[in-house]
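What follows is a set of notes on a single structure, which appears directly below.
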Amino acid sequence: MISVQNVSKSFGSVKALDRVSFEVARGEVVGLLGPNGAGKTTMLRLITGFFPPTEGKILIDGVDLLHSKPLLRKKIGYLAEHNPLYEDMTTKDFLSHVAVLKRVPFRKRKQSISAVIERCKIGPVLNRLIGKLSKGYKQRIGLAQALLGEPELLILDEPTSGLDPKQIIEIRTLIQTLGRERTVLLSTHILPEVRLTCQRILILNEARLVASVAAPDVAPQSPGAQEFRVTLRGSWDQGDEFLRFVPGVSEVRLERDGGAERDYLIVAEHGKEIQSELARRILFSGFELLTLKPVEWNLEEIFMNVVTSEVEQ
Amino acid sequence: MIQLIAIARRDFTAYLNSFSFYVLTAFFLGVTGYFFWSGLSYFSLISFQVATNPEAQVKGLNLTEGVLSPFLSNMTVLMLLLIPILTMRAFSEEKRLGTLELLFSYPISDLQIVIGKFLSLLGLFAVFVFPTISYFYLGGVVSAQFETPTLLSGYGGLFVVGASFISLSMFISSLTEHQAVSAGIGFVILLFFWILGWMAEWVSPALGTILRELSLVEHFYDLSRGVLDTKDIAFFVLFILFFLFASLCSLEVRTWKR
């Protein structure tokens with residue numbers, strides 16, 4: 001559906017994107033992941049035909065949106081960065097306005113508007129001014145306007161930014177259901193977001209596409225060697241040697257010594273399951289086990305991991 | 001077409017729902033009301049003098065020359081200041097909020113956006129200006145009888161001048177996301193076009209002719225007396241089209257830069 005071919009974009013001397021190429025198939029939900037300033041928004045704007053690439057080509061179903069008739073933009077629904085909306089309009093007026101602009105036929109207009117209202121659960125705020133609504137509602141109205149006209153391709157720029165955890169979960173669930181029927185390309189800098197909603201992840205870093213991986217492969221834990229953080233309480237007269245004797249443990253590091261309470265980082269051997277045995281031994285040795293949790297990697301570490309594994313391949 | 005009307009209608013209602021529009025309208029109607037009253041009083045004073053003293057000068061002693069024409073001229077000077085304020089939101093606001101990017105993602109052309117916005121502003125301008133016609137009929141109740149055709153052609157001229165002010169200010173608004181900057185620059189450039197004819201006196205005759213032809217005030221003079229000259233109308237229509245085209249280019253420029 002989307003074909004990005006060797007695309008670069010420069011703003012003056014700043015290179016926002018550097019020879020990026022990828023394809024998104026029809027029906028795929030793809031996440032564009034990267035730190036702030038990696039070029040995600042620029043990429044999405046290029047795809048919507050907002051401005052042309054400095055080099056390369058972008059085709060949507062074989063058509064260049066920028067240089068073709070505006071009518072072809074019916075294919076896309078776009079939620080722009082920071083979710084711009086006409087804040088002086090009521091939700092209902094805004095959606096009717098957008099329905100006209102998106103050329104929803106007159107006979108279908110009422111029905112399509114009620115469909116997106118139901119879908120995005122904005123029924124309670126129909127007659128209120130958008131400017132007076134909470135961020136969560138605004139975000140849903142942003143999604144609702146993108147959905148109007150039933151576009152085949154949804155482009156969502158940071159759809160959950162600035163929302164509280166409950167709202168984030170709601171929006172994610174909504175995106176997941178939308179992804180079942182259409183192609184979705186979304187950008188984010190939050191890792192769990194793409195893992196939960198996308199089938200494939202494109203990782204952008206410093207203007208370059210560094211990886212394209214299937215979502216389940218980007219585990220939040222370090223692949224291969226697993227690490228755990230444990231907090232124990234008890235008497236340390238006999239030392240902590242027993243931790244090292246747990247089968248599968250390759251390294252034990254004391255991270256905090258708070259008297260009776262200590263934090264350890266425990267590294268397992270490659271591909272070994274150690275949690276249950278570790279917990280059993282700790283309790284058996286007479287300690288209280290306060291926490292035992294796998295160490296989650298942050299985005300940079302995932303980048304490093306993905307980049308190095310790409311090189312290895 | 002329906003998309004164009006939707007854009008025009010949205011902007012029009014957004015203005016009508018804003019407090020500043022009413023402040024601006026009240027100010028405009030108040031000041032023009034004063035202009036009309038003082039013009040009419042002065043005219044009646046002169047008429048009285050002529051009636052009592054047959055040897056007094058009689059220049060401008062008809063309602064068109066004595067009241068309508070000065071009134072319309074004063075009104076355009078006021079518009080010079082108010083139209084950039086009325087128009088500053090057109091694109092600046094959408095740029096600042098980012099809603100312009102949203103519009104660009106919809107299946108509508110940039111031309112529809114420009115014309116839609118222009119029509120909404122013309123509508124607002126009409127709301128602004130046409131109530132002042134009532135002054136003349138109120139004037140009629142007092143003493144003076146104005147000729148309706150002269151009045152209508154005078155107002156037609158005023159409307160065309162207003163439309164050209166709007167077209168230019170709208171272009172300025174498309175260049176910046178700061179409304180105040182848009183209004184300020186719009187005012188300065190309109191003023192420049194307004195007084196261009198004055199400079200004609202100081203330069204060479206050839207250049208002087210060009211400056212006079214470009215000056216808004218020169219072309220407005222006949223219109224303000226209710227005389228519709230095709231040359232003047234053509235000038236204003238070209239002026240409007242030129243700046244509408246400039247606004248269009250200003251939106252499209254994003255697609256040129258590689």
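Lettering of chains follows the sequences in order, A, B, ..., and the numbering in each one begins at 1.
When each of R103(A), K74(A), K102(A), H97(A) is scored by its heavy-atom pairs under 4.5 Å with chain B, the top score falls to R103(A). For the set F94(A), F50(A), F11(A), the count of heavy-atom pairs under 4.5 angstrom toward chain B peaks at F50(A). For the options L79(A), L85(A), D93(A), D88(A), heavy-atom pairs under 4.5 Å to chain B are most numerous at D88(A).
Note on K57(A) versus D64(A): no salt bridge recorded, every NZ/NE/NH1/NH2 to OD/OE distance being 4.0 Å or above.
For the pair A144(A) and L95(A), the tightest heavy-atom approach, listed with the atom from each and the gap, is CB-CD2, 4.0 Å.
Using a 4.5 Å cut-off between heavy atoms, E93(B) makes no contact with chain A at all. Using a 4.5 Å cut-off between heavy atoms, L102(B) contacts chain A through its side chain alone, with no backbone atom that close. If you measure heavy-atom distances from I7(B) to chain A, the contacts under 4.5 Å come from both the backbone and the side chain.
In this structure, a donor-acceptor pair under 3.5 Å is present between the side chains of Y135(B) and T32(B).
The aromatic rings of F21(B) and F128(B) lie tilted to each other, with the angle between the two planes from 30° to 60°. The aromatic rings of F243(B) and F193(B) lie perpendicular to each other, with more than 60° between the two planes, well past the 30° mark.
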